[in-house]
A.B. asks: 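Below you will find the structure I want to go over with you.
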Amino acid sequence: TSFDLNMSFLISSIHPGEGKTFTSINLARIFASSGKKVLVVDFDMHKPKVHKVLGVDNKIGNSTNLSSKSKFSDSIKSIETNLDVICSGPVPPNPSELVLSERVKMLFKFANDNYDYLFIDTPPLGYISDALVLSSMVDHSLFVMNTRFANKKGIGFIEEIAVRSKLKSYALILNGVKHSR
C-alpha cells in the first residue's frame with residue numbers, strides 16, 4: 001500500500017551503531033527548519049533509541065499504538081517547531097508482528113493527514129526484517145553505512161535488497177567520515 005504522503009523516508013542500516021537514529025532525527029530537523037511539518041516514528045521496537053537521544057518519556061508510543069493500547073495523537077511529543085516524534089513505546093513481546101499489523105497503514109494515513117514529511121527509524125536490516133516490510137510503504141529508503149563497517153559486500157547486500165524488494169527510491173548515506181587534509 002502506498003500513500004499520498006508528500007514524502008516518507010525509511011532510515012535503516014545493516015548493522016547496529018551505524019547512525020540510523022542520528023540520521024533520522026537530524027534529517028527531520030533540517031526539513032522541519034524549512035517550515036514543513038515533520039513526524040519521526042521510532043519503528044525499532046527491539047532496541048529503541050529515539051527517546052533516549054531526545055530525552056523524552058517512552059511510556060506510550062509506537063508499540064502501544066500498534067497494539068491498540070493508545071491513540072496516535074496521544075503519543076506525539078513536540079520536540080521543536082514543526083517537529084513531532086512518536087517514540088517506540090515499551091519493548092513489546094512481538095515487535096516484528098506489530099510491524100505487520102493493519103494499524104501500520106492507519107499510522108501512515110494519520111501521518112499523511114497531519115504532516116508534510118514522515119521519517120521512520122528502523123532496526124538494522126542485517127538482523128531483523130522489519131525494515132523490509134516497511135520499505136514497500138515509503139517513498140524513499142535511506143541506508144546509513146558507517147565507515148567502520150562499510151565495504152563492498154555491504155553495498156552488494158543493500159543493492160540485492162533494493163532489487164529484490166523493488167524499492168521505488170533508495171540511497172546510501174556514508175556516516176562517520178573523518179576529515180583530513
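All values derive from a computational prediction rather than experimental measurement.
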A.B. asks: To the nearest 0.5 Å, what is the distance between CE (M7) and CG (D116)?
C.D. replies: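 Taking CE in M7 and CG in D116, the distance rounds to 11.0 Å.
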A.B. asks: Would you find more than 12 non-hydrogen atoms of other residues, nucleotides or ligands less than 6.0 Å from F157 atom CZ?
C.D. replies: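 Enclosed: over 12 neighbouring heavy atoms sit under 6.0 Å from CZ of F157.
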A.B. asks: Treating Ile, Leu, Val, Met, Phe, Trp and Tyr as nodes and any side-chain heavy-atom pair under 4.5 angstrom as an edge, say whether I128 and M145 lie in one connected cluster.
C.D. replies: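 Cluster IDs for I128 and M145 differ.
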A.B. asks: Shortest non-hydrogen contact from G154 to I14?
C.D. replies: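 Smallest interatomic distance, heavy atoms only, reads O-CD1, 3.4 Å.
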A.B. asks: When rounded to the nearest 0.5 angstrom, what is the spacing between NE2 in H140 and CD1 in I11?
C.D. replies: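 It comes to 11.0 Å.
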A.B. asks: Apply side-chain contact (heavy atoms from CB on, under 4.5 Å) to residues L27 and L142 and explain how you reach the verdict.
C.D. replies: CA-CA 11 Å; L27 279 174; L142 305 176; 3.7 Å; yes
A.B. asks: Among F143, F119, Y170, whose ring pair (Phe, Tyr, Trp, His ring centres under 6.0 Å) with F9 holds?
C.D. replies: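 That would be F119.
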A.B. asks: Can you tell me how far the OG atom of S70 sits from the NZ atom of K59, to the nearest 0.5 Å?
C.D. replies: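 Going from the OG atom of S70 to the NZ atom of K59 covers 13.5 Å.
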A.B. asks: State, to 0.1 Å, how close R103 and N65 come at their nearest heavy-atom pair, and which atoms those are.
C.D. replies: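 For R103 and N65, the tightest heavy-atom pair comes out as NE-O, 2.6 Å.
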A.B. asks: Between the side chains of D84 and S78, is a donor N or O closer than 3.5 angstrom to an acceptor N or O?
C.D. replies: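 A donor-acceptor contact under 3.5 Å links the two side chains.
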A.B. asks: Say whether, by atom type as modelled, one donor and one acceptor occur between the side chain of T122 and the main chain of F43 under 3.5 angstrom.
C.D. replies: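 Pair absent, no side-chain N/O of T122 close to backbone of F43.
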A.B. asks: Heavy-atom distance under 4.5 Å between the side chains of D121 and T21, does that happen here?
C.D. replies: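 Answer yes - side chains close enough.
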A.B. asks: Any donor and acceptor pair, going by atom type alone, linking the side chain of D42 with main-chain N or O of P48 inside 3.5 Å?
C.D. replies: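 No; judged by distance alone, with no hydrogens or angles, the pair does not exist.
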A.B. asks: May I ask you to test the I25-I79 pair for a side-chain heavy-atom distance under 4.5 Å?
C.D. replies: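 They are not in side-chain contact.
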A.B. asks: Examine V163 and V138 and state if one hydrophobic cluster contains both, with Ile, Leu, Val, Met, Phe, Trp and Tyr joined whenever side-chain heavy atoms are less than 4.5 Å apart.
C.D. replies: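 The answer is no; the residues belong to distinct hydrophobic clusters.
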A.B. asks: So which heavy atom on E18 is nearest to which on N175, and how close?
C.D. replies: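 Where E18 meets N175 most closely, the heavy atoms are O-ND2, 2.8 Å.
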A.B. asks: Can V104 be reached from I76 by stepping across I, L, V, M, F, W or Y side chains whose heavy atoms are under 4.5 Å apart?
C.D. replies: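 Yes, same cluster.
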A.B. asks: What is the distance from atom OG of S165 to atom CG of L132, rounded to the nearest 0.5 Å?
C.D. replies: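 Output value for this atom pair is 4.5 Å.
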A.B. asks: If you measure from NZ on K178 to OG1 on T147, what distance do you get to the nearest 0.5 Å?
C.D. replies: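 Reported to 0.5 Å precision, the distance equals 6.0 Å.
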A.B. asks: Side chains of M106 and S101: closer than 4.5 Å at any heavy-atom pair?
C.D. replies: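 Answer no - side chains too far apart.
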A.B. asks: Are the side chains of F108 and N112 in touch, meaning some heavy atoms are under 4.5 Å apart?
C.D. replies: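 F108 does not reach N112 side chain to side chain.
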A.B. asks: Please check if the side chain of S63 supplies one atom and the backbone of V91 the other of a donor-acceptor pair under 3.5 Å.
C.D. replies: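 No: the side chain of S63 does not pair with the backbone of V91.
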A.B. asks: Shared ILVMFWY cluster between Y115 and M137, side chains joined below 4.5 angstrom?
C.D. replies: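 Yes, Y115 connects to M137 through the hydrophobic network.
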A.B. asks: What I'd like to find out is whether the side chain of V85 reaches to under 4.5 Å of the side chain of V56, using heavy atoms alone.
C.D. replies: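 Side chain of V85 against side chain of V56, heavy atoms only: no contact under 4.5 Å found.
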A.B. asks: Side-chain contact, heavy-atom cut-off 4.5 Å: L107 with F72?
C.D. replies: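 Yes, side chains in contact.
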A.B. asks: Can you name the closest pair of heavy atoms from V40 and S24 and give their distance?
C.D. replies: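 Between these two residues, the closest heavy atoms are CG2-O, 4.5 Å.
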A.B. asks: Same hydrophobic cluster for V144 and L172, using side-chain heavy-atom links shorter than 4.5 Å among ILVMFWY?
C.D. replies: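 They do not share one cluster, since no chain of ILVMFWY contacts under 4.5 Å joins V144 to L172.
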A.B. asks: Taking atom CD1 of I86 and atom CD1 of I120, what is their separation to the nearest 0.5 Å?
C.D. replies: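 I86 CD1 to I120 CD1: 11.5 Å, rounded to 0.5 Å.
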A.B. asks: Counting C-beta onward and ignoring hydrogens, is there a side-chain heavy-atom pair between S169 and D139 closer than 4.5 Å?
C.D. replies: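 Not in contact.
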A.B. asks: Does the side chain of N62 come under 3.5 Å of the side chain of S88 through a donor N or O and an acceptor N or O?
C.D. replies: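 No pair is found: no donor N or O on one side chain lies under 3.5 Å from an acceptor on the other.
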A.B. asks: For atom NZ of K77, is the number of surrounding heavy atoms from other residues, nucleotides or ligands below 6.0 Å larger than 12?
C.D. replies: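 Yes, because the 6.0 Å sphere around NZ of K77 holds more than 12 heavy atoms from other groups.
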A.B. asks: Between A28 and V38, which heavy-atom pair has the shortest distance, and what is it?
C.D. replies: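 Heavy-atom minimum between the residues: CB-CG1, 3.7 Å.
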A.B. asks: Grab the two heavy atoms, one from D74 and one from I60, that are nearest each other, plus how far apart they are.
C.D. replies: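 Result for this residue pair: O-CD1, 3.2 Å.
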A.B. asks: Does D130 reach the side chain of M45, with side-chain heavy atoms less than 4.5 Å apart?
C.D. replies: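 Sidechains of M45 and D130: no contact.
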A.B. asks: Decide yes or no on side-chain contact (heavy atoms from CB on, under 4.5 Å) for S96 and H46, but give the supporting numbers first.
C.D. replies: CA-CA 8 Å; S96 294; H46 300 267; 3.4 Å; yes
